[in-house]
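Small disclaimer: the values here were computed from a predicted structure and weren't measured. Letters A, B, ... mirror the listed sequences (proteins, then strands); counts begin at 1.
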Protein chains: 2
Amino acid sequence: MQKNPVQCQFVTALNSIVGKWKPIILYHLLQGKPLRFNELRRLLPDITQRMLTLHLREMEEEELVKRVIYPQIPPKVEYSITEYGMSLSPILEVLHQWGAAHVERKQFNKENNEQTETD
Amino acid sequence: MQKNPVQCQFVTALNSIVGKWKPIILYHLLQGKPLRFNELRRLLPDITQRMLTLHLREMEEEELVKRVIYPQIPPKVEYSITEYGMSLSPILEVLHQWGAAHVERKQFNKENNEQTETD
DNA sequence: TGGTATAGTATTAAAAAAGGTACTGTTACG
DNA sequence: CGTAACAGTACCTTTTTTAATACTATACCA
């Protein structure tokens, strides 16, 4: 594994939030309300069932997310954030703030690049 | 692209720091001292030349890192953090803190899993 | 009887990220 | 003359991540 202790800390933290959809899943669960599988799907219109399942399973294994099955038909499964998961909140927050501050810049750069490429 | 504005902010922020080696490269450059290519290699013993080049090029394009070539033989190229790159500092810091606080937990879980798998 | 809702799984394919190895040109050192 | 240091590039392979599509079981509703 990683020998460098500093790298190790980054890796540990990033593993918990990296994945195309993990930050938004966490963001929604951090609102506090438990969410059902299809509620999450509706909140993330572009995610496939498979990817949602995979990400939730991963986060469940990391104990960031709790999965509760209600033995009903039709099935009901609720996902909620754990206390451990809540500890990620400051990370999500700075990411969110930084992103908000710099989305414009990225946009600008992108448009600029597309223009200069035609020169 | 991402329709969801919240996701977009996360994506923007994460794109800048995600990449197996980007956080540590940034971490080292954030110390302030410009670093030469091979100085970075020595700081990241397991990275290949190729990956270091790729990551530096990407971060250069994003204006997180500045590349200065000194026309000498043997060649000398110095990499340093830009002001924009410095704005990532709070993100790196919370990640680092969270990681430091939770490396142990991960370690514990891992050992536990390895044990229970033999049951 | 057919359709809908739930929460998924299985299989395959495609795309993205990372890695491995060899190679470049120039100069200084011994 | 042989070798090392510098800062890479080229080419190819492997691994990881993400996506697309079809499929499952059960119950309720019309």
Side-chain angles (χ1 to χ4, degrees), chain A residues 1-4 7-8 10-12 14-26 28-29 33-62 65-80, chain B residues 1-4 7-8 10-12 14-26 28-29 33-62 65-80:
Chain A
M1 257 260 260
Q2 249 66 41
K3 288 118 196 173
N4 188 326
Q7 174 158 22
C8 185
F10 288 130
V11 169
T12 297
L14 285 168
N15 278 349
S16 299
I17 55 163
V18 168
K20 184 164 177 187
W21 309 92
K22 278 189 193 176
I24 339 99
I25 294 173
L26 286 167
H28 285 299
L29 291 178
K33 218 188 93 194
L35 294 169
R36 299 180 62 173
F37 188 82
N38 277 356
E39 283 182 303
L40 279 166
R41 279 186 73 192
R42 280 187 285 269
L43 288 168
L44 285 64
D46 294 341
I47 199 171
T48 59
Q49 281 185 308
R50 175 184 154 72
M51 289 311 295
L52 183 53
T53 306
L54 285 179
H55 278 148
L56 287 170
R57 290 289 182 282
E58 265 180 52
M59 294 195 287
E60 195 194 345
E61 270 216 3
E62 293 209 343
V65 163
K66 193 172 53 191
R67 178 161 172 264
V68 178
I69 307 165
Y70 297 84
Q72 308 176 350
I73 298 269
K76 173 174 172 181
V77 178
E78 272 190 351
Y79 294 91
S80 56
Chain B
M1 255 258 263
Q2 249 65 43
K3 288 118 198 175
N4 187 326
Q7 175 159 23
C8 185
F10 288 130
V11 169
T12 297
L14 285 169
N15 278 348
S16 299
I17 56 163
V18 167
K20 183 162 179 188
W21 308 92
K22 278 188 193 175
I24 340 100
I25 295 173
L26 288 168
H28 286 299
L29 292 178
K33 219 189 92 192
L35 294 169
R36 300 180 61 173
F37 187 82
N38 277 356
E39 284 183 301
L40 279 166
R41 278 186 74 192
R42 279 186 287 270
L43 289 168
L44 286 63
D46 294 342
I47 199 173
T48 59
Q49 281 184 306
R50 177 184 153 72
M51 289 312 295
L52 182 53
T53 307
L54 285 180
H55 276 147
L56 286 170
R57 289 289 182 284
E58 263 180 53
M59 294 197 286
E60 196 194 345
E61 271 214 4
E62 292 211 342
V65 162
K66 193 172 53 189
R67 177 161 173 263
V68 178
I69 306 165
Y70 296 85
Q72 308 176 352
I73 300 272
K76 174 175 171 180
V77 177
E78 272 189 351
Y79 294 92
S80 55

*Kindly point out which of dA19(D), dG8(C), dG8(D) is positioned nearest to the side chain of Gln49(A)?*
dG8(C)
*Over 12 non-hydrogen atoms of neighbours within 6.0 angstrom of NZ in Lys66(B)*: no
*Provide the closest heavy-atom pair for Ser16(B) versus Glu62(B) in the form atom of the first, atom of the second, distance.*
OG-OE1, 3.1 Å
*Round to the nearest Å and state the distance from Gln72(A) atom CD to dG8(C) atom C1'.*
16 Å
_Determine whether Glu60(A) and Leu56(A) satisfy the following criterion, side chain to side chain contact (heavy atoms under 4.5 Å, CB included), listing intermediate values before the conclusion._
CA-CA 6 Å; Glu60(A) 195 194 345; Leu56(A) 287 170; over 6 Å; no
*Choosing from dG19(C), dA19(D), dG8(C), which nucleotide comes nearest the side chain of Trp21(A)?*
dA19(D)
*Figure out the CD1/P separation between Ile24(B) and dA18(C), and round it to whole Å.*
11 Å
*For DNA chain C, whose closest nucleotide is more 5', that of Glu58(B) or that of Arg42(A)?*
Arg42(A)
*So among Arg41(B), His28(B), Glu78(B), which one has a side-chain contact (heavy atoms from CB on, under 4.5 Å) with Leu35(B)?*
His28(B)
_Do Ile25(B) and Leu52(B) make a side-chain contact, defined as non-hydrogen atoms from C-beta onward lying under 4.5 Å apart?_
yes
*Can you tell me how far CD of Glu39(A) sits from CG of Leu43(A), rounded to the nearest 0.5 angstrom?*
7.5 Å
*Measure across Gln49(A) and Phe37(A) and return the closest heavy-atom pair with its distance rounded to 0.1 Å.*
O-CZ, 3.8 Å
*With a non-hydrogen cut-off below 4.0 angstrom, is Tyr79(A) in contact with a base, only sugar-phosphate, or nothing?*
sugar-phosphate
_First encountered from the 5' end of DNA chain D, between Val18(A) and Ile69(B)_ = Ile69(B)
*Contact class for Arg57(A) vs. all strands (heavy atom < 4.0 Å): base, sugar-phosphate, or nothing?*
sugar-phosphate
*Interatomic distance, Leu52(B) CG vs dG8(D) P [rounded to whole Å]*: 8 Å
*Could you state the atom-to-atom distance from CG of Asn15(B) to P of dT17(D) in whole Å?*
16 Å
*Could you tell me whether the phosphate oxygens of dA5(D), OP1 or OP2, come under 4.0 Å of any side-chain nitrogen or oxygen in Lys76(B)?*
no
*asked:* Counting C-beta onward and ignoring hydrogens, is there a side-chain heavy-atom pair between Lys22(A) and Val18(A) closer than 4.5 Å?
replied: no
*Using a cut-off of 4.0 Å on non-hydrogen atoms, how would the nucleic acid contact of Arg36(A) be classed: base, sugar-phosphate, or nothing?*
sugar-phosphate
*Does the side chain of His55(A) get closer than 4.0 angstrom to OP1 or OP2 of dT17(D) through an N or O atom?*
no
*Out of dG8(C), dA18(C), dG8(D), which nucleotide sits closest to the side chain of Lys20(B)?*
dA18(C)
*When the nearest nucleotide of DNA chain C is assigned to Leu56(A) and to Arg50(A) on a heavy-atom basis, which residue is associated with the more 5' position?*
Leu56(A)
_Between dC6(D) (C1') and Leu35(B) (CG): distance, integer Å_ = 15 Å
*Whole Å only: how far is the CG atom of Leu54(B) from the P atom of dC12(D)?*
17 Å
_Starting the side chain at C-beta, find the nucleotide from dA19(D), dA7(D), dA7(C) nearest to Thr48(A)._
dA19(D)
Tabulated below should be each protein N or O lying under 3.5 Å from an N or O of nucleotides 26-30 of chain D; please produce it.
none

_Expressed as a whole number of angstroms, how long is the span from Met51(B):CE to dT9(D):P?_
14 Å
*Whole angstrom is fine here: how far is it from CG in Leu14(A) over to P in dA18(C)?*
12 Å
